[in-house]
Amino acid sequence: MSNPKRRLAVFCSGTGSNFVALHRAVAERGLGAEFVLCVSNRSQCGAMEFARGEGIETLHISEKQFDGPEAFALSMLQALRSRGVETVLLAGYMRKIPEEVTRAYRGNILNIHPALLPKFGGEGMYGIHVHTAVLKAGERESGATVHFVDEEYDRGEILLQGRVPVMAGDTPEVLAARVLECEHRLYPDALEKLLRESNG
Ligand code: GAR
């Protein structure tokens, strides 16, 4: 009998281009996995639209919908458990993941960050702010990092990194686009690595 597919959830807040890249890789590389849930703090965003188009269940969940952080955390964890989610992929998710969830999924929850961690990570370092800081610091290269998520922002063990040059005349937007292209190759490779290691 063939192994059941590994059940993946993706967390997004925006365009969802990393989700699209992951989704394509899962299909094209035969990774033995499937996306069963797309979670977002925004009901309308590119990622949620993409999930709907692919027939993947969506869940709009934000702390505002709950009486407090505990109820929010429990509901998020319950949502993942009730769908049998085994691996969580943060792909442009701009909220902190509750500790209850990071603890429950330790070793099976990844994030992609648009810089070479441990530099340019931490609270407030997301999206364009990261690239602005990289340029301001005069770095000659940047890149992306896929890391395990733990209770601290951008601090978990690094799984894979990809590098890109910083070029003369780069604006934060131009650098962001170069890094994003790198992310679209890196995140699928990191997922493949995780799945291979956890199956082998
Ligand atoms: C990506 O560049 C991702 O690394 C970044 O947001 C973008 C999402 O793009 N994430 C963070 O800054 C998290 N700290 P996408 O929605 O097109 O995948």
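Both ligands and their constituent atoms are indexed starting at 1 by order of listing. These numbers come from the heavy atoms of this one structure, side chains and all, not from hydrogens, waters or symmetry mates.
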>> Parallel, tilted or perpendicular, judged at 30° and 60°: which one describes the rings of F72 and F66?
In response: tilted
In terms of side-chain geometry, is the basic nitrogen of K5 or E34 positioned less than 4.0 Å from the acidic oxygen of its partner? no
Next on the checklist: For ligand 1, which is the ligand I care about here, please tell me if G127 has any N or O atom under 3.5 Å from one of the ligand's N or O atoms.
Outcome noted: yes
min-distance protein heavy atom vs atom 11 (C) of ligand 1 -> P114 CD, 3.7 Å
Note to self: Taking atom CZ as the centre, does R155 end up with more than 12 heavy-atom neighbours from other residues, nucleotides or ligands that are less than 6.0 angstrom away?
What the structure shows: no
Under a 4.0 Å N-O cut-off, is there an ion pair linking R95 with E63? no
Check: H184/S17 side-chain N/O donor and acceptor closer than 3.5 Å = yes
of all protein heavy atoms, closest to atom 8 (C) of ligand 1 is G92 CA, 3.6 Å
protein heavy-atom neighbour closest to atom 16 (O) of ligand 1 works out as G16 N, 2.8 Å
Polar atom proximity, N18 to ligand 1 (N or O, under 3.5 Å): yes
I want to know if ligand 1 touches M94 in the polar sense, i.e. an N/O pair below 3.5 angstrom. no
for atom 4 (O) of ligand 1, nearest protein heavy atom and its distance come out as E183 OE1, 2.7 Å
Ligand 1 atoms nearer than 4.0 angstrom to some heavy atom of T15 are 16 (O), 17 (O)
The protein heavy atom nearest to atom 17 (O) of ligand 1 is S17 OG, 2.6 Å
Electrostatic pair R106:E157 at N-O distance under 4.0 angstrom
no
*Does some non-hydrogen atom of I112 fall short of 4.0 Å from ligand 1?*
yes
Note: L180, heavy atoms under 4.0 Å from ligand 1, region reported as side chain
Near M125 (heavy-atom distance under 4.0 Å), the atoms of ligand 1 are 14 (N)
Please determine whether residues Y93 and L89 belong to a single hydrophobic cluster, defined as Ile, Leu, Val, Met, Phe, Trp and Tyr linked transitively by side-chain heavy-atom distances below 4.5 Å. no
* Asked: Do F148 and M125 sit in the same hydrophobic cluster, where Ile, Leu, Val, Met, Phe, Trp and Tyr count as joined when their side-chain heavy atoms come under 4.5 Å apart?
  -> no
